Amino acid sequence: MDNVLDGIYKKIGTYTGVIKDAVINVEEKEGKVVFSGVSNKNLKDICIEYFDLNRNYEDIKKTLNLVDDNVAKSIEYGSGIRILNQDLWECIISFIISANNNIPRIKKIIERISMKYGKELEFMGKKYYTFPTVEELSKATVQDLRELGLGFRDVRVYETTKKILNKQVDIEKLHSITDSNILREELLKLDGVGEKVADCIMLFSTLKRLEVFPVDVWVRRVMNELYIKAEDENKVNKEQIRKLAEEKYKNLAGIAQQYLFYWKREENKAG
DNA sequence: GTCCAGGGAATCA
DNA sequence: TGATTCCATGGA
């Protein structure tokens, strides 16, 4: 038996979706992990990279469990969480769209963008669409984006696409920047990218800065409830939250953020 | 009809 | 720097 493949199945379960230029299906058949899909690259390699399967999350969880009981509880709640290695360009556009928006609508907008400007792939009789490249999305006018339902974010996506296309910000070179502060400064040059979106891009893309701690409304809420305990959570300083996260979670703050975020949101849904 | 959504940017002090 | 306000859209 292939223990690596067995491990992969245990980690990601069944999955069908688009990863970069590929449609990938992972499932278990007769006790074996089977990859199928449409791609000119190795399906298994794509999965290992995308699902961050070479990282030992058990070690990470052991470390974070020692911080305090709250974190331990959140880890128990979302024990299968992994931080994906999402494409940088796709991540930038996705989080610009996320501003003052809700997750179902964010997903729908990205689907519409992919359907109109990405490439069509067919797998098992069903059609899938890749997220458009910079060149592909640069064909869209502000009006085109407005019609896809982006709202006030249309200009931001348009301007950012333009800046990346003409290499005013060269995102290919971002991976070679070691200093996280310089990296953040580069991202902040993009329209629609503020502190929170920049942090999300650094954490959730292939930039993989696991130490950054994006503070959104949910994270502010959970951090206030667990540690700060201010009467009005809206008045809690974001910088104070980031410092607290750095002290407590060190270089794993970003992963802790995900456990805490998921925990608080799911608890709210169940509420 | 009202409120809110994984915020950013412009404006003003 | 820090606080306020507006920004489209759609679902609850």
Side-chain angles (χ1 to χ4, degrees), chain A residues 74 77-78 81-84 86-88 90-113 115-116 140-164 168-169 181 184-205 207 209-210 212-226 228 230-243 245 249 253-271:
Chain A
S74 73
Y77 201 87
I81 287 176
R82 311 183 71 79
I83 297 190
L84 304 177
Q86 300 179 90
D87 178 75
L88 174 58
E90 181 174 348
C91 216
I92 290 171
I93 298 302
S94 298
F95 277 105
I96 290 173
I97 293 169
S98 78
N100 196 26
N101 210 341
N102 58 67
I103 294 174
R105 197 158 81 94
I106 295 166
K107 285 183 180 172
K108 284 180 188 172
I109 291 171
I110 293 171
E111 277 175 24
R112 287 197 287 267
I113 287 178
M115 201 171 289
K116 184 159 182 183
T141 65
V142 174
Q143 184 61 31
D144 291 333
L145 295 171
R146 177 59 59 98
E147 284 166 8
L148 291 180
L150 273 79
F152 61 84
R153 309 161 195 84
D154 54 4
V155 179
R156 299 175 180 178
V157 169
Y158 178 81
E159 293 295 336
T160 283
T161 301
K162 214 162 58 177
K163 278 186 183 174
I164 292 175
Q168 212 168 325
V169 174
N181 291 320
R184 183 180 282 103
E185 290 304 311
E186 278 301 302
L187 290 170
L188 289 174
K189 290 178 182 173
L190 298 170
D191 204 353
V193 178
E195 294 285 345
K196 188 267 178 179
V197 168
D199 282 352
C200 284
I201 294 167
M202 289 198 288
L203 176 60
F204 298 120
S205 75
L207 292 173
R209 302 302 166 110
L210 297 180
V212 306
F213 193 81
V215 180
D216 61 34
V217 291
W218 291 100
V219 174
R220 185 177 64 186
R221 190 168 299 158
V222 68
M223 292 297 278
N224 185 49
E225 284 180 14
L226 298 184
I228 302 172
E231 287 187 22
D232 187 355
E233 65 181 43
N234 297 313
K235 292 183 178 176
V236 179
N237 185 277
K238 285 188 178 181
E239 195 52 41
Q240 180 191 353
I241 296 176
R242 274 197 286 269
K243 279 185 180 176
Y249 316 133
I255 298 183
Q257 191 265 16
Q258 272 306 273
Y259 290 121
L260 293 168
F261 172 82
Y262 181 76
W263 181 37
K264 198 65 206 168
R265 282 216 69 207
E266 293 302 310
E267 187 184 60
N268 182 269
K269 282 181 191 173

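No experiment lies behind these values; they were computed from the predicted model shown.
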Find out whether V215(A) and D199(A) are in side-chain contact, i.e. whether some heavy atom of one side chain is under 4.5 Å from a heavy atom of the other. no

Nucleotide dC7(C), atom P - distance to CZ of F152(A) in whole Å: 10 Å

Length of the line joining R146(A):CZ and dG10(C):P, which is rounded to integer Å: 11 Å

Considering all heavy atoms of both residues, which atom of S94(A) and which atom of I110(A) are nearest to each other, and what is their separation? OG-CD1, 3.4 Å

Check every strand shown and say whether F95(A) touches a base, only sugar-phosphate, or nothing at a heavy-atom separation below 4.0 Å. nothing

Could you tell me if the side chain of E185(A) sits less than 4.5 Å from the side chain of L188(A), heavy atoms only? yes

Measure from CD1 on I109(A) to P on dG6(B) and round the result to the nearest Å. 12 Å

Length of the line joining E239(A):CD and dG2(C):P, which is rounded to integer Å: 9 Å

Is there a side-chain contact between R209(A) and R184(A) in this structure, where contact means two heavy atoms from C-beta onward sitting under 4.5 Å apart? no

Please give, in whole Å, the distance from dT1(C) C1' to K235(A) NZ? 18 Å

Which part of the nucleic acid, if any, lies within contact of E159(A), taking any heavy atom under 4.0 Å across all strands shown: a base, the sugar-phosphate backbone alone, or nothing? nothing

Base, sugar-phosphate or nothing for R156(A)? Non-hydrogen atoms, less than 4.0 Å. base

Side chain of V197(A), heavy atoms from C-beta onward: which of dG8(B), dG10(C), dG6(B) has the nearest atom to it? dG8(B)

Could you tell me how far dG6(B) sits from dG2(C) if I compare only their P atoms? Round to whole Å. 26 Å

Could you tell me the separation between the CD1 atom of I106(A) and the P atom of dC4(B), rounded to a whole number of Å? 18 Å

Mate of dT1(C) across any strand shown (Watson-Crick or G-U wobble, both atom pairs under 3.5 Å) is dA13(B)

Assign E147(A) to base, sugar-phosphate, or nothing according to its heavy-atom contacts below 4.0 angstrom with the strands shown. nothing

Could you go step by step and tell me if E159(A) and K162(A) meet the salt bridge (charged side-chain N to carboxylate O under 4.0 Å, His left out) rule? CA-CA 5 Å; E159(A) 293 295 336; K162(A) 214 162 58 177; 3.7 Å; yes

Distance between the P atoms of dA8(C) and dT11(B), in whole angstroms? 15 Å

Listed nucleotide nearest any side-chain atom of K108(A), set dG11(C), dG6(B), dA8(C): dG11(C)

When we call it a touch if two heavy atoms are under 4.0 Å apart, what does D154(A) touch: a base, just sugar-phosphate, or nothing? nothing

With rounding to whole Å, what would you report as the distance between dG10(C) and dG1(B) at their C1' atoms? 15 Å

Provide the distance between the two C1' atoms, one in dA5(B) and one in dC7(C), to the nearest whole Å. 13 Å

Can you work out whether R153(A) or N237(A) has the more 5'-proximal nearest nucleotide on DNA chain C? N237(A)

Measure OH/Y158(A) against P/dG8(B) and give the value in whole Å, please. 23 Å

Between dG8(B), dG6(B), dA8(C), which nucleotide has the shortest distance from any of its atoms to the side chain of N100(A)? dA8(C)

Is the shortest side-chain heavy-atom distance between L187(A) and F95(A) below 4.5 Å? no

Find the distance I96(A):CD1 to dA5(B):P and express it as a whole number of Å. 21 Å

Which residue lies toward the 5' end of DNA chain B, W218(A) or L190(A), if each is placed at its nearest nucleotide? W218(A)

Starting at the 5' end of DNA chain B, which residue's closest nucleotide do you reach first, A198(A) or R221(A)? R221(A)

Just to confirm, is there a sub-4.0 Å distance from OP1 or OP2 of dG6(B) to any side-chain nitrogen or oxygen of R265(A)? yes

